[in-house]
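A short write-up of the structure that comes next.
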Amino acid sequence: MSVVEQYARAHIVSDADIAQDEAVPVVLRYDPETDPRSVRVGLPGTHEWTFSRALLEQGLRAPAGSGAVRVWPCGRVQAVLEFHSPQGVSVVQFEQKALLRFLRRTYMATAPVRG
């Protein structure tokens, strides 16, 4: 099993200092050896979020959330990830196809873990 790493472009809207008007590079990571149930999203700078792969999958179909992370579809081609922290809220908008491609790659790396 190997680590899946995919770069995507996203728009970040935030009440913190990383807000961007232009698309920025974001790193999507999945390591089946370390944690087969989680994915990581690396925002510009040192901001990295780890959350359930199942939450990402559910949020692409309908609004879903767990703890400080929310995911929902936005129209027919976009998806939004919202991250809450003591420093503020970051809202990250992706093209759904980039997130779907990433999820497919994670499932090819290992069988999904249920439970």
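Along the sequence shown, the residues carry numbers beginning at 1.
With contacts defined as side-chain heavy-atom distances shorter than 4.5 Å, the pair Leu55/Val69 qualifies. Considering only heavy atoms from C-beta on, Ser52 stays 4.5 Å or farther from Arg37 through its side chain. Between Val26 and Phe94 there is a side-chain heavy-atom pair separated by less than 4.5 Å. Within the 4.5 Å cutoff, side-chain heavy atoms of Ile12 are placed close to those of Pro44. Residues Leu28 and Val41 meet the side-chain proximity criterion, which asks for heavy atoms closer than 4.5 Å. Side-chain atoms of Leu56 and Leu99, non-hydrogen and from C-beta on, do get closer than 4.5 Å to each other. The shortest distance between side-chain heavy atoms of Val27 and Glu5 falls below 4.5 Å. Put simply, the side chain of Val24 does not reach to within 4.5 Å of the side chain of Arg9, judged on heavy atoms.
Side chain of Arg76 to backbone of Pro73: no donor-acceptor contact under 3.5 angstrom is found. Listed for the Tyr30 side chain is no donor-acceptor partner under 3.5 Å among the backbone atoms of Val3.
Interatomic distance, Phe102 CZ to Arg29 CZ, rounded to the nearest 0.5 Å: 9.5 Å. Remark: Ser90 OG to His47 NE2 distance equals 6.5 Å, nearest 0.5 Å. In this structure, CG in Asp31 is found 12.0 Å from OG1 in Thr106, a value given to the nearest 0.5 Å. The distance from the CD atom of Gln93 to the NE2 atom of His11 is 7.0 Å, given to the nearest 0.5 Å. The CD atom of Gln6 sits 5.5 Å away from atom CZ of Arg105, with the distance rounded to the nearest 0.5 Å. Rounding to the nearest 0.5 Å places NZ of Lys97 at 10.0 Å from CD of Gln78.
For the residue pair Ser38 and Arg53, no side-chain donor N or O sits within less than 3.5 Å of a side-chain acceptor on the partner.
The two residues His84 and Trp49 have their closest heavy-atom pair at O-CH2, 3.0 Å. Closest of all the heavy-atom pairs between Leu103 and Glu57 is CD1-CA, 3.8 Å. Ser2 approaches Ala109 most closely through the heavy-atom pair O-CB, 3.9 Å. Here the closest heavy-atom approach between residue Pro36 and residue Pro32 is recorded as CD-O, 3.5 Å. Residues Arg70 and Gly65 come closest through the heavy atom pair CD-CA, 3.8 Å.
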Subject >> Worked check of side chain to side chain contact (heavy atoms under 4.5 Å, CB included) between Leu60 and Gln96 >> reply: CA-CA 7 Å; Leu60 293 177; Gln96 270 191 4; 4.2 Å; yes
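Classification of the Phe83-Phe51 ring pair by plane angle, with boundaries at 30° and 60°, yields tilted.
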